[in-house]
There are 2 protein chains.
Amino acid sequence: MDRTMILDAYDPQCPIRNILARMSDKWSLLVIYTLTQTDKMRFRDLRHAIPDISQKMLTVTLRTLEEDGFVKRTIYPEVPPRVEYALTERAVSLFPHINSLIIWAKENMDNIISDRKKDKIK
Amino acid sequence: MDRTMILDAYDPQCPIRNILARMSDKWSLLVIYTLTQTDKMRFRDLRHAIPDISQKMLTVTLRTLEEDGFVKRTIYPEVPPRVEYALTERAVSLFPHINSLIIWAKENMDNIISDRKKDKIK
DNA sequence: CCGGATCCCGTATGATACTG
DNA sequence: CAGTATCATACGGGATCCGG
């Protein structure tokens with residue numbers, strides 16, 4: 001097992017904890033994943049792709065991702081307005097790590113869910 | 001970029017989303033990380049290792065991790081009681097993926113925090 | 001010493017209506 | 001179309017007390 005030390009991992013202000021915390025909200029990973037499917041998407045396309053996200057949370061999530069440099073937002077001064085979202089290079093470099101987590105989850109989900117049910121029977 | 005499809009990723013009941021959501025709460029990853037540092041730890045050792053976790057949240061986090069088969073809990077019927085926690089094979093197999101995320105965060109945190117500040121000035 | 005039970009608060013999230 | 005504004009709510013998480 002890799003036991004690489006993380007400096008200050010136990011400091012509540014640890015930037016790594018901070019970054020991981022911001023990526024692990026309810027929607028961020030799913031929005032990033034969705035944007036990997038196409039090079040750029042409009043706001044309404046994202047809403048359509050993620051049926052159960054509210055308009056507000058999509059806006060909030062996109063703004064946070066933009067602040068952290070994961071998403072590039074492009075406004076076209078047209079009527080009606082058009083706004084396109086695309087992943088940045090930073091997000092592209094992050095995605096393989098997320099994807100390896102997803103693949104692990106896919107391989108293990110059946111056993112995990114099975115374990116949970118066992119506990120409930122006890 | 002890897003565009004491997006996730007079946008039902010947009011189903012709110014998607015097990016992968018469920019599992020990722022449960023792993024991405026405030027403490028789970030840090031507790032798993034802490035348990036990689038030693039083969040087994042007592043409750044109070046974990047509290048000591050993670051100074052800012054409350055007793056309740058450590059209990060809740062450990063129970064959830066146990067339910068999902070990430071942690072093995074061993075109670076020794078002694079007085080005073082002794083309870084030891086250790087990672088399961090499942091958690092050991094998960095850790096490299098978490099660690100790759102941590103390493104990515106370590107490499108990118110300075111730039112991300114710098115970007116955030118830029119946005120605030122605007 | 002371990003950790004369960006209870007109470008409480010702030011933030012994250014959601015529903016709805018409105019606007020440039 | 002792409003949001004804002006407002007109001008409502010659920011849940012995570014902390015403080016404290018209690019019990020085996």
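Bear in mind the structure is a predicted one, so any value in this text is a computation, not a measurement. Reminder, nothing fancy here: chain letters follow the sequence lines and each chain counts from 1.
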Drop me the distance from I113(A)'s CD1 to M109(A)'s CE, to the nearest 0.5 angstrom. 6.5 Å
E84(A) or M57(B), whichever maps to the more 5' nucleotide of DNA chain D: E84(A)
Whole Å only: how far is the OH atom of Y76(B) from the P atom of dC1(C)? 19 Å
When you get a sec, tell me which of dG14(D), dG3(D), dC2(C) is the closest nucleotide to the side chain of V83(B)? dC2(C)
Taking CD from Q55(B) and C1' from dT16(D), how many angstroms apart are they, rounded to a whole number? 11 Å
Can you tell me if R63(A) touches the phosphate of dA2(D), counting only side-chain N or O atoms and a distance under 4.0 Å to OP1 or OP2? no
Between R47(A) and dG3(D), is there a side-chain N or O to OP1/OP2 distance below 4.0 Å? no
Any side-chain N or O of R82(A) below 4.0 angstrom from OP1/OP2 of dC1(D)? no
Output the single nucleotide from dG3(D), dT13(C), dG14(D) whose closest atom is nearest the side chain of K26(A). dT13(C)
Go through dG3(C), dG20(C), dG3(D) for me and flag the one nearest to the Y85(A) side chain. dG3(D)
With distance as the sole criterion, is a donor-acceptor pair present between the side chains of N111(B) and S114(B) under 3.5 Å? no
Picking from dC2(C), dC1(D), dA15(C), which would you name as closest to the side chain of S54(A)? dA15(C)
Send over the distance from F43(B) CZ to dG3(C) C1', rounded to a whole Å. 6 Å
I want to verify a distance call: between dG3(D), dC2(C), dA15(C), whose nearest atom is closest to the T59(A) side chain? dG3(D)
Checking side-chain contact (heavy atoms from CB on, under 4.5 Å) between W27(A) and each of I50(A), T64(A), L65(A), which is the one that passes? I50(A)
Is a side-chain donor or acceptor of D68(B) paired with a backbone partner of F70(B) at a separation under 3.5 angstrom? no
Do K56(B) side-chain and dG14(D) base share a donor-acceptor contact under 3.5 Å? yes
Can you tell me which nucleotide in dG4(C), dT13(C), dG3(D) comes closest to the side chain of D25(A)? dT13(C)
Measure from CH2 on W27(A) to C1' on dT13(C) and round the result to the nearest Å. 9 Å
The residue, D52(A) or P80(A), whose nearest nucleotide of DNA chain C is more 5′ is D52(A)
Atom-to-atom span, CD1 of I53(A) to P of dG14(C) - whole angstrom: 8 Å
For atom CG of L58(A) and atom P of dG14(C), their distance in whole Å: 11 Å
Between R42(B) and dC2(C), is there a contact of a side-chain N or O with OP1 or OP2 at under 4.0 Å? yes
Between dC2(C) (P) and I75(B) (CD1): distance, integer Å: 12 Å
Is there a side-chain contact between R73(A) and the phosphate of dG3(D), meaning an N or O under 4.0 Å from OP1 or OP2? yes
Rounded to the Å, how far apart are M41(B) CE and dC1(C) P? 17 Å
Quick one: is the NZ or CZ of R82(B) closer than 6.0 Å to the six-membered ring centre of Y76(B), and within 45° of its axis? yes
Within the 3.5 Å criterion, strictly below it, is a donor on Y10(B) or T34(A) matched to an acceptor on the partner's side chain? yes
